[in-house]
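Computed from a predicted model, the values in this text were never measured in an experiment.
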Amino acid sequence: MSHPALAQRALAPRQVNWQPWRLAGGVLRYLFLGMFGFTMVVPFFWLFSSSLKTPLEAIAEPPVWIPQHPQWQSYLRVLTEIPMGRYYLNSLIVAGTVTLLAVINGALAGYALAKLKFRGKETVFRGILATLMLPSFLFLIPVYFMMRRVPLAGGNNIFGLGGSGLLHTHWSMILPFATSAFGIFLMRQFILTIPDDLLDAARIDGCSEFRIFW
């Protein structure tokens with residue numbers, strides 16, 4: 001073979017067969033996903049399996065993964081002896097009311113902080129953002145006493161003493177979360193993107209401030 005042909009072959013790029021490497025990478029990828037998925041499913045399987053165990057099987061060592069005599073009647077007892085329907089209704093009432101009030105209050109406050117001009121607006125907004133840095137458990141005891149000492153509620157007198165206030169009611173779980181600092185921030189940032197010229201045009205047409213907001 002001539003020297004030019006040898007030089008051309010030496011300079012030509014090598015053809016690497018990537019098919020085996022690609023196959024191995026795919027196998028490893030699915031193997032990893034399978035192991036990760038297995039670790040996610042095992043706790044749910046253990047939860048379901050434990051619900052069918054006898055008390056002795058639940059505390060047995062080594063652990064019993066599959067009960068010998070599944071206790072299917074446990075589900076029937078839960079539905080008949082515990083008012084699960086009422087529990088779900090309470091959750092629906094509280095979650096739905098909190099969501100509705102948080103959206104309304106967040107939108108109103110966000111509109112005011114974004115489009116209205118008043119003294120101390122930036123200070124108020126910074127104060128609202130500052131509450132996001134406080135951990136939620138700091139509010140547990142203060143909120144408890146606030147709900148307990150609501151005047152003229154739950155047997156309380158005008159000074160908020162003598163009764164239970166709003167404790168043992170839905171409102172004690174709704175009112176503390178009716179306004180969300182993050183919701184106000186989110187609404188404000190969105191309303192800032194609305195052109196002021198659009199609001200001014202509505203004012204010229206005679207719209208009230210609430211109608212502009214609406």
Under 3.5 Å: donor-acceptor pair, side chain of [X], backbone of [Y]:
X      : Y      : value
Ser91  : Tyr87  : yes
Glu57  : Gln68  : yes
Asn156 : Pro151 : no
Asn157 : Phe159 : yes
Glu61  : Ile59  : no
Thr39  : Phe36  : yes

Just so I know, are the side chains of [X] and [Y] near enough to count as touching, which here means a heavy-atom distance under 4.5 Å?
X      : Y      : result
Leu79  : Tyr75  : no
Ser49  : Pro67  : yes
Ser164 : Arg148 : no

- Note: with side-chain heavy atoms under 4.5 Å as the link, the other cluster members for Ile93 come out as Leu89
- Task: Would you check, one step at a time, whether the test side-chain contact (heavy atoms from CB on, under 4.5 Å) holds for Leu186 with Phe182?
- Result: CA-CA 6 Å; Leu186 200 64; Phe182 181 75; 4.3 Å; yes
- Is it true that Phe139 and Ile141 fall in one hydrophobic cluster, defined by side-chain heavy atoms closer than 4.5 Å?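 Same hydrophobic cluster.
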- For the hydrophobic clusters of this structure (ILVMFWY residues joined by side-chain heavy atoms under 4.5 Å, transitively), does one cluster hold both Phe145 and Leu167? yes
Whether over 12 other heavy atoms sit under 6.0 Å from [X] [atom1]:
X      : atom1 : value
Met146 : CE    : no
Ile82  : CD1   : yes
Leu140 : CG    : yes
Arg188 : CZ    : yes
Tyr88  : OH    : no

- Hey, can you tell me if Phe210 and Trp214 have their rings parallel, tilted or perpendicular (30° and 60° cut-offs)?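 Phe210 vs Trp214 ring planes: parallel.
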Atom pair [atom1]/[atom2] of [X] and [Y] - distance to nearest 0.5 Å:
X      : Y      : atom1 : atom2 : result
Leu76  : Gln71  : CG    : CD    : 12.5 Å
Asp200 : Asp205 : CG    : CG    : 11.0 Å
Leu199 : Ile204 : CG    : CD1   : 11.5 Å
Thr97  : His170 : OG1   : NE2   : 8.5 Å

Please list every donor-acceptor pair under 3.5 Å in which a side-chain atom of residues 101-116 meets a protein atom from a residue at least two apart or in another chain.
unit_1: Asn105; atom_1: ND2; unit_2: Leu101; atom_2: O; d: 3.2
unit_1: Asn105; atom_1: ND2; unit_2: Ala178; atom_2: O; d: 3.0
unit_1: Asn105; atom_1: ND2; unit_2: Thr179; atom_2: OG1; d: 3.3
unit_1: Tyr111; atom_1: OH; unit_2: Glu209; atom_2: OE2; d: 2.6
unit_1: Lys115; atom_1: NZ; unit_2: Ile194; atom_2: O; d: 2.5
unit_1: Lys115; atom_1: NZ; unit_2: Asp196; atom_2: OD1; d: 2.6

- Do Lys53 and Trp46 meet the cation-pi criteria used here (NZ or CZ under 6.0 Å from the six-membered ring centre, within 45° of the axis)?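 Lys53 over Trp46 ring: yes.
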- Please test Ile128 against Phe185 for side-chain contact (heavy atoms from CB on, under 4.5 Å), starting from the C-alpha separation and ending with a verdict. CA-CA 8 Å; Ile128 293 173; Phe185 167 76; over 6 Å; no
- Task: Walk me through it: do Arg211 and Ser208 pass the test side-chain contact (heavy atoms from CB on, under 4.5 Å)?
- Result: CA-CA 5 Å; Arg211 188 176 179 184; Ser208 63; 3.4 Å; yes
- Residues Val94, Phe177; criterion side-chain contact (heavy atoms from CB on, under 4.5 Å); working and verdict: CA-CA 10 Å; Val94 172; Phe177 307 99; over 6 Å; no
